[in-house]
2 protein chains.
Amino acid sequence: MNLKQLSEHLGLSQTTVSRALNGYPEVSDATRKKVLTAARLNNYSPNTRAKGLATGRAWAIGHIIPISTKHEMVNPIFGDFIAGAGESYAAAGFDMTLRLAEDDHIETLYREMAAKRNVDGILVQGPAMDDERVHILQDLGMPFAVHGRASSATTAYNWLDVNNSRAFERATNFLLDLGHQRIALINGLEHMDFAYRRRGGYETALSARGLAIDPQIMRAHEMTERYGYTSTRDMLSQPNAPTAFLVSSIIVAIGVRRAIEEAGLKMGQDISVITHDDDISYFRNGEEIPLFTATHSSVREAGRILAQILIDQITNPTAPPVHRLLEAQLMVGQSTGPAPGRT
Amino acid sequence: MNLKQLSEHLGLSQTTVSRALNGYPEVSDATRKKVLTAARLNNYSPNTRAKGLATGRAWAIGHIIPISTKHEMVNPIFGDFIAGAGESYAAAGFDMTLRLAEDDHIETLYREMAAKRNVDGILVQGPAMDDERVHILQDLGMPFAVHGRASSATTAYNWLDVNNSRAFERATNFLLDLGHQRIALINGLEHMDFAYRRRGGYETALSARGLAIDPQIMRAHEMTERYGYTSTRDMLSQPNAPTAFLVSSIIVAIGVRRAIEEAGLKMGQDISVITHDDDISYFRNGEEIPLFTATHSSVREAGRILAQILIDQITNPTAPPVHRLLEAQLMVGQSTGPAPGRT
DNA sequence: ATGAAAGCGCTAACAG
DNA sequence: CTGTTAGCGCTTTCAT
């Protein structure tokens, strides 16, 4: 059933029916009611492409997932984020268009999407320190919003981020307060913005207490379980082994915990571990790992907010960019114990 | 730059330019060459909505993710699957439209998508035993393909699945050959088709050797780490505890392993564990868990194949439905050890 | 308050 | 081989 058929069925013009359906004021209440019920009864929904062609809007938001670094997709927070974003999109009548792209084709893809006009805006995930995507999108005049921040960008743009440096500074202080002197940092790749900031917070806390930054107990790598395992095992076998670990991802922490167990050490007794991740979707039902979580309850909420920001931008292109910095909230679990000999 | 502008720029009609671009044979080679280079130089890409409106095709495939059971999104195989599907889509010029839906709104959503005509087909993931989606889509006349199978469906449809029952039968036999008599099954929710089939394979193998099916050492639940942990701990504390575990997901296996370690048992020595998952994306860099993997190398390949099947169906709607059953390949790792006292 | 008609950008008969 | 023309289904002036 299309608009023409519906209008013929009602004995009205397409115009009136369209206006009634879209809430224009110049339609009488009686006709509007008739139109709305008829539409419902006949299972009428406007054809998105026709509507888009007429309005110059695609009614879709693009999410581009880089595939060269598997990282993004596998990240357990990914699912929650797009679940939240999807809620906002659905409420506003937008679809979510997913595209997978090699890192080195990203610019071509953006240009193509802009030309094809099949998305009204793009949501950028996992920005690197000097992320080029921000510049490209600004260039293209394509509305966008970033989950995280791209430090290199100079002009204003829409973003939402967790306060990563503060979170790691507080986590480090927390461990220092417990008496730890050797705190290892097992970080993500530090060309990524979030990882860079996390390291900054860690170093700030150490420096503030006059402690040295020791590269021997700092690691940065793609966040896999294996990475957590090997780096922890490696550091534990060093002469001056760390007594605490600050871990940048819950996935990595699985490996960390395994290495600790294999070394015959007891979590929360011989050793302390704090894991930071934006969300805990993977372990939602397990409380054994202490966590920072964003105060806005979860990454899902972040997705919802950021998507709304992008929709607002699309709806009102002249409005200034918006950004939100969420504070992480410390949650302490059983495996965060005091430093050895300080029980 | 749109078609009109491009054609004016070239001094040709829109028709000729369109034909040249779309590879129609009745265009001279000279003109085609001219058109193609001009298109490239001017960064021309056809407007998807206009093209869709004219062709009656949306150039998009829908992936609907149920959100009531978080399960789907979090599942690590999810990412690989859509990565593979995305490749096929991109090659054929299709976009991927993602929608999140509550389980109980799925029919409404399907009807709406069919009416809006913003997807040409739907890819169904994670089918349950008596999945209604197959029937609804057949009803709507919407092309679709299923990753897995919906056992209840009587008419033919497109699907691709791993041979779950054979895989679990072989895994069970493998453990039986090692001398195990008490093999626990830690399965997914058994209203899901894959879990139902897996249990079938397990029971077949036991029955073939005249062993009893013991509900005491069988579990079925949402596949979380905690579930693996608690159910394993529970079963290990039973009087006649299992000496081997057959686990239905790599995530669950993390919990299983933790419970085993906590019980002071040694993997591959006191106890055996076999984990089945369609893919190993999460632990791609870790070899410590034995796995079945689909012979087609990975779920990514499955996504690629199934997407292509769907595209073929859309392109040629009269062709009969296609299905593929992939055999799992047994891969044995260090933690699959002999039964206790049989070294 | 309602309708007629133009047009969004493209494809696909139909002509030549 | 190339061009003219009529839609695809909707929104949106412009009339009435």
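Chain identifiers are assigned alphabetically (A, B, ...) following the order of the sequence lines, protein sequences preceding nucleic acid strands; residue numbering begins at 1 within each chain.
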Grab the [atom1]-[atom2] distance between [X] and [N] for me, whole Å please.
X      : N      : atom1 : atom2 : answer
A/E26  : D/dT12 : CD    : P     : 11 Å
B/R57  : C/dC10 : CZ    : P     : 18 Å
A/K51  : C/dG7  : NZ    : C1'   : 18 Å
A/L21  : D/dT12 : CG    : C1'   : 15 Å
B/N118 : D/dC10 : CG    : C1'   : 14 Å
B/R49  : D/dT11 : CZ    : C1'   : 13 Å
B/K33  : D/dC1  : NZ    : C1'   : 17 Å
A/L3   : D/dT11 : CG    : P     : 7 Å

Between B/D95 and A/T97, does any side-chain donor sit less than 3.5 Å from a side-chain acceptor?
-> no
Can you tell me if A/T318 and A/N316 form a side-chain donor-acceptor pair at under 3.5 Å?
-> yes
Could you tell me whether the phosphate oxygens of [N], OP1 or OP2, come under 4.0 Å of any side-chain nitrogen or oxygen in [X]?
X     : N      : result
A/S18 : D/dT12 : no
B/Y24 : D/dT2  : no
B/Y44 : C/dC10 : yes

Flag if over 12 foreign heavy atoms under 6.0 Å of CZ, B/R117 = no
Considering residues at least two apart in sequence or located in another chain, which fulfil the side chain to side chain contact (heavy atoms under 4.5 Å, CB included) criterion with B/K4?
-> B/N2, B/E8, B/Q14
Pairing residues for B/A91 by the side chain to side chain contact (heavy atoms under 4.5 Å, CB included) criterion, not counting sequence neighbours | none
Full working for ring pair (Phe, Tyr, Trp, His ring centres under 6.0 Å) between B/H9 and B/Y44 | CA-CA 12 Å; B/H9 172 74; B/Y44 169 81; over 10 Å; no
Out of C/dA1, D/dT11, C/dC10, which nucleotide sits closest to the side chain of B/N47?
-> C/dC10
Using the benzene-type ring in the case of Trp, are the ring centres of A/H105 and A/Y110 under 6.0 Å apart?
-> no
In a table with atom names and distances, give each donor-acceptor pair under 3.5 Å that connects a side chain of residues 15-28 of chain B to protein atoms at least two apart or in another chain.
{"residue": "B/T16", "atom": "OG1", "partner": "B/S13", "partner atom": "OG", "Å": "3.1"}
{"residue": "B/S18", "atom": "OG", "partner": "B/N22", "partner atom": "ND2", "Å": "3.4"}
{"residue": "B/N22", "atom": "ND2", "partner": "B/S18", "partner atom": "O", "Å": "3.0"}
{"residue": "B/S28", "atom": "OG", "partner": "B/T31", "partner atom": "N", "Å": "3.2"}
{"residue": "B/S28", "atom": "OG", "partner": "B/T31", "partner atom": "OG1", "Å": "2.2"}

With sequence neighbours excluded, tell me which residues meet side-chain hydrogen bond (donor to acceptor under 3.5 Å, both in side chains) with A/R149.
-> A/D161
Helical bend (five base pairs per end, nearest 10°) for the helix from C/dA1-D/dT16 to C/dG16-D/dC1 = 40°
Considering only nitrogen or oxygen atoms on both sides, find all protein atoms under 3.5 Å from nucleotides 4-8 of chain D and state each distance.
{"residue": "D/dT4", "atom": "O4", "partner": "B/T15", "partner atom": "OG1", "Å": "2.8"}
{"residue": "D/dC8", "atom": "O2", "partner": "B/L53", "partner atom": "O", "Å": "3.4"}
{"residue": "D/dC8", "atom": "O2", "partner": "B/A54", "partner atom": "N", "Å": "3.3"}

